[in-house]
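As structure tokens, the structure follows; a few thoughts come after it.
Any value given below was found using the heavy atoms of this structure, including those in side chains, with hydrogens, waters and symmetry copies removed.
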Amino acid sequence: SVRASAFRVAITATAVVAIAYCFISVAIVGIVTRNLTESVDTRLTATLTTIQGGPMPGRGGGFDAPRGDRPAFGPRLLVWTRGSDGTVLSNTENVTLPVDPAAISTLETIEVSGEAVRVIGAETPSGHVVVGQTLEAVGQAQSTVVIAELLIAPLLLLVVFLGAVAIGRRAAAPIEA
């Protein structure tokens, strides 16, 4: 019958769109994550370069985030300094680096106090310095994108199904002279 054929075509079309939507959704989350992580990486690399080119900390002191990079709101930069005597100082209380700072020299993600933190480190004349930033904002953006995609999916699939049924019924109807 015309109605059954139209529904079969609509279900098939909706399934194809659902599969494509899943692939596109995964790609979007991946792109958003990559772009936001690259932004964090750029900030960390610039901060490390500024610290390396700036004045050394006072005797027995550790590095801190550069003056222009201390936002009143948003993610704070975490800085750990391992002095030549092996002591590790931090610009943030109760945030201990779980590995030896000297082991960090490239951009990587580690867990610090239960949080994902992006870090990079380098040698300076007064010791090894590691700069980090939590990836909380990246996780929040991922969640927002996934929720939006999940809310849009049923509406999109309903519109595709209804449109395919209407087109299928019209196409399968006898041609009138």
Of all the heavy-atom pairs spanning [X] and [Y], show the shortest one and how long it is.
| X | Y | answer |
| --- | --- | --- |
| Gly132 | Val119 | CA-CG1, 3.9 Å |
| Val112 | Leu97 | CG2-CD1, 4.5 Å |
| Val95 | Trp80 | O-NE1, 3.0 Å |
| Ala164 | Ala10 | CB-CA, 3.5 Å |
| Ala103 | Glu108 | O-OE2, 4.3 Å |

- Message: Using only atom types and a distance under 3.5 Å, with no angle test, would you say the side chain of His128 pairs donor to acceptor with the backbone of Ser105?
- Response: no
- Message: Treating Asn94 as the side-chain partner and Ser113 as the backbone partner, does any N or O pair qualify as donor plus acceptor under 3.5 Å?
- Response: no
- Message: Can you pull out every salt bridge (Lys or Arg N to Asp or Glu O under 4.0 Å) where at least one residue sits in residues 130-148? Sequence neighbours excluded, please.
- Response: none
At what distance, to the nearest 0.5 angstrom, does [atom1] of [X] lie from [atom2] of [Y]?
| X | Y | atom1 | atom2 | value |
| --- | --- | --- | --- | --- |
| Tyr21 | Ile28 | OH | CD1 | 7.0 Å |
| Arg82 | Glu123 | CZ | CD | 7.5 Å |
| Leu36 | Glu38 | CG | CD | 9.5 Å |
| Thr124 | Ile51 | OG1 | CD1 | 9.0 Å |
| Thr49 | Leu44 | OG1 | CG | 10.5 Å |
| Ser39 | Gln133 | OG | CD | 7.5 Å |

- Query: Given the rule that I, L, V, M, F, W and Y join up when any side-chain heavy atoms are under 4.5 Å apart, are Val165 and Val9 in one cluster?
  - Reply: no
Less than 3.5 Å apart, which donor and acceptor atoms pair up between the side chains of residues 142-163 and the rest of the protein, not counting sequence neighbours?
{"residue": "Gln142", "atom": "NE2", "partner": "Thr33", "partner atom": "OG1", "Å": "2.7"}
{"residue": "Ser143", "atom": "OG", "partner": "Gly139", "partner atom": "O", "Å": "3.1"}
{"residue": "Thr144", "atom": "OG1", "partner": "Gln140", "partner atom": "O", "Å": "3.0"}

- Task: Start with the C-alpha distance between Thr37 and Thr109, add both sets of side-chain angles, then the distance that settles side chain to side chain contact (heavy atoms under 4.5 Å, CB included), and finish with yes or no.
- Result: CA-CA 10 Å; Thr37 303; Thr109 302; 5.7 Å; no
- Query: Just wondering, more than 12 heavy atoms not from Arg3 lying within 6.0 Å of its CZ?
  - Reply: no
